[in-house]
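These values consider heavy atoms only, across backbone and side chains, with no hydrogens, waters or symmetry-generated copies. Residues: numbered from 1 along the sequence shown.
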Amino acid sequence: MFRILLVLDIFNRTVVHAQGGNRHEYKPIHYSSSICDSSDPIKIVRTIKPQEVYIADLNLLEGIGKREKNFEIIEQVARKSKTMIDPGITSLSETYDILEIAQTVVLGTETASFDTIREVAAAHPGRVVVSIDKKHGKILSKDPDMPSDPFEIVEMLNEFDLQDIIILDLDRVGTSSGVDSQFLSKIVSMSNHSVLLGGGVRNTEDIETLEKIGLKGAIVATALHNGSIPLKLVQ
């Protein structure tokens with residue numbers, strides 16, 4: 001069964017519309033959505049009724065405000081839908097309170113070093129997703145030991161007990177620009193984990209393409225909010 005996860009990009013307890021990875025320009029989602037008249041995360045989840053949710057805690061990712069700013073809302077979302085959250089993890093110690101409010105923690109290469117990924121995967125086997133974050137065609141990472149080749153990262157991750165890996169192309173987020181089938185097919189062939197895609201998914205045809213080349217799911221926002229992907233596929 002191909003998984004489609006509803007994306008909630010949450011900033012100051014409000015869901016915003018992510019476009020192209022320029023976080024400071026994100027606007028509340030209800031301005032652009034054809035399916036929601038609110039940007040309140042709880043109201044959106046009640047309206048859409050998704051089986052799975054991917055949350056990006058933009059306050060934590062950008063280092064703005066108190067650490068627990070969005071925690072109460074995230075916990076409420078996680079009671080209604082299976083939830084994975086990217087809170088900008090940089091160390092093992094930051095994962096414990098996250099896993100008290102959500103089922104799965106996402107470690108993005110943007111913030112987590114490879115050593116941190118190894119440590120967290122060992123501490124929380126099966127509850128960790130690693131997001132390989134790309135922008136402008138390059139791996140986003142502050143870790144000098146992080147490979148610049150995404151295929152090398154995938155091979156290194158094969159030794160860890162992960163739930164999934166995500167290929168997150170920030171340039172394609174919110175752009176409905178389509179998917180890179182050749183690149184993704186090679187990622188799938190090299191990975192021991194289920195592979196999810198974030199960014200660029202336009203419609204059900206793209207979903208069919210991803211399923212055909214072996215991906216197990218996609219994290220989607222724009223194509224759901226503009227009606228290109230029917231809500232029944234996330235429910």
Gap separating the CG atom of L196 from the CG atom of L5, nearest 0.5 angstrom: 6.5 Å
Do you know which two heavy atoms are closest between N158 and M190, and how far apart they sit? ND2-O, 2.9 Å
Output, in order, the C-alpha distance, side-chain angles, deciding distance and verdict of side chain to side chain contact (heavy atoms under 4.5 Å, CB included) for L224 and I48. CA-CA 10 Å; L224 288 166; I48 298 177; 5.9 Å; no
Do L61 and F71 share a hydrophobic cluster, counting only Ile, Leu, Val, Met, Phe, Trp and Tyr and linking them when any side-chain heavy atoms are less than 4.5 Å apart? no
Verdict with reasoning, D40 to K43, per salt bridge (charged side-chain N to carboxylate O under 4.0 Å, His left out): CA-CA 5 Å; D40 178 89; K43 290 181 180 178; 5.8 Å; no
Output, in order, the C-alpha distance, side-chain angles, deciding distance and verdict of side chain to side chain donor-acceptor pair (under 3.5 Å) for D133 and S131. CA-CA 6 Å; D133 303 329; S131 177; 2.5 Å; yes
CD1/I132 to CE/M146 distance, rounded to the nearest 0.5 angstrom? 8.5 Å
Using a 4.5 Å cut-off on heavy atoms from C-beta on, say whether the side chain of F11 contacts that of I64. yes
Which heavy atom of I85 sits nearest to which heavy atom of A102, and what is that distance? CG2-CB, 3.7 Å
Go through it in stages, so that I can follow the logic: the residues are D86 and V129, the test is side chain to side chain contact (heavy atoms under 4.5 Å, CB included), and I'd like the CA-CA distance, side-chain angles, deciding distance and then a yes or no. CA-CA 9 Å; D86 183 350; V129 171; over 6 Å; no
Under the side chain to side chain contact (heavy atoms under 4.5 Å, CB included) test against T116, which residue among D143, L107, L92 passes? L107
OG1 of T104 to CD of E52, rounded to nearest 0.5 Å, is 8.0 Å
Which heavy-atom pair separates P230 from T204 by the least distance, and what is that distance? CD-CG2, 3.7 Å
Using the side chain to side chain contact (heavy atoms under 4.5 Å, CB included) rule, take D180 and D169 through it: C-alpha gap first, then chi angles, then the decisive distance, then the call. CA-CA 10 Å; D180 185 343; D169 193 333; over 6 Å; no
Give a yes-or-no answer on whether the side chains of N12 and T14 include a donor-acceptor pair shorter than 3.5 Å. no
Are M84 and V173 linked, directly or through other ILVMFWY residues, by side chains that come within less than 4.5 angstrom of each other? yes
Please examine the side chains of D97 and E68, heavy atoms only from C-beta on, and report whether any two atoms are closer than 4.5 Å. no
Would you say the side-chain atoms of R127 pair up with the backbone N or O of V105, donor to acceptor, closer than 3.5 Å? no
Interatomic distance, OG@S81 vs NZ@K49, rounded to 0.5 Å, equals 10.0 Å
Minimum heavy-atom separation for A122 to P125, with atom names? O-CD, 3.5 Å
Does F151 form a ring pair (Phe, Tyr, Trp, His ring centres under 6.0 Å) with F183? I'd like the steps, not just the answer. CA-CA 9 Å; F151 302 114; F183 168 74; 5.4 Å; yes
Only pairs under 3.5 Å count here: list side-chain donor-acceptor contacts from residues 207-221, not counting sequence neighbours, and write none if there are none.
unit_1: T209; atom_1: OG1; unit_2: E205; atom_2: O; d: 3.1

Please check: side-chain N/O of S34 versus main-chain N/O of H225, any donor-acceptor pairing under 3.5 Å? yes
Would you call the rings of F114 and F160 parallel, tilted or perpendicular if under 30° counts as parallel and over 60° as perpendicular? tilted
With a 4.5 Å cut-off on side-chain heavy-atom distances among I, L, V, M, F, W and Y, is there a chain of contacts connecting V53 to V128? yes
Do H17 and D9 have side chains that approach each other closer than 4.5 Å (heavy atoms only, starting at C-beta)? no
Just do the side chain to side chain donor-acceptor pair (under 3.5 Å) check on D115 and S113 with the steps written out, would you? CA-CA 5 Å; D115 283 344; S113 69; 5.4 Å; no
Same cluster (ILVMFWY, side-chain, under 4.5 Å), I73 and L58: no
Would the distance check show the side chain of Q51 and the main-chain N or O of Q235 forming a donor-acceptor pair, the cut-off being under 3.5 Å? yes
4.5 Å side-chain heavy-atom contact, P147 and E155: no
Is any side-chain heavy atom of V45 less than 4.5 Å from a side-chain heavy atom of Q76? no
Given side chain to side chain contact (heavy atoms under 4.5 Å, CB included), test I229 with D206 step by step and report yes or no. CA-CA 10 Å; I229 293 177; D206 278 351; over 6 Å; no
Between the main-chain N or O of K186 and the side-chain N or O of S189, is there a donor-acceptor pair closer than 3.5 Å? yes
Gap between atom CG of D164 and atom OG of S191 - 0.5 Å precision: 9.5 Å
Scanning both residues in full, the closest heavy-atom pair of Q163 with R3 reads NE2-NH2, 4.0 Å
Is there side-chain contact between R13 and E72, with at least one heavy-atom pair below 4.5 Å? yes
Using a 4.5 Å cut-off on heavy atoms from C-beta on, say whether the side chain of T47 contacts that of I35. no
So, Q103 side chain and T83 main chain: donor-acceptor pair closer than 3.5 Å or not? yes
So, the side chain of R67 versus the backbone of E94: is there a donor-acceptor pair under 3.5 Å, distance only? yes
Following the transitive rule for hydrophobic clusters with a side-chain heavy-atom cut-off under 4.5 Å over Ile, Leu, Val, Met, Phe, Trp and Tyr, establish whether V106 and L168 coincide in one cluster. yes
For T90 and T111, indicate whether the former's side chain and the latter's backbone hold a donor-acceptor pair under 3.5 Å. no
Going from NE2 on H193 to CG on L157, what distance comes out if it is rounded to the nearest 0.5 angstrom? 7.0 Å
Decide if atom CD of E159 counts as having more than 12 heavy atoms of other residues, nucleotides or ligands within a radius under 6.0 Å. yes
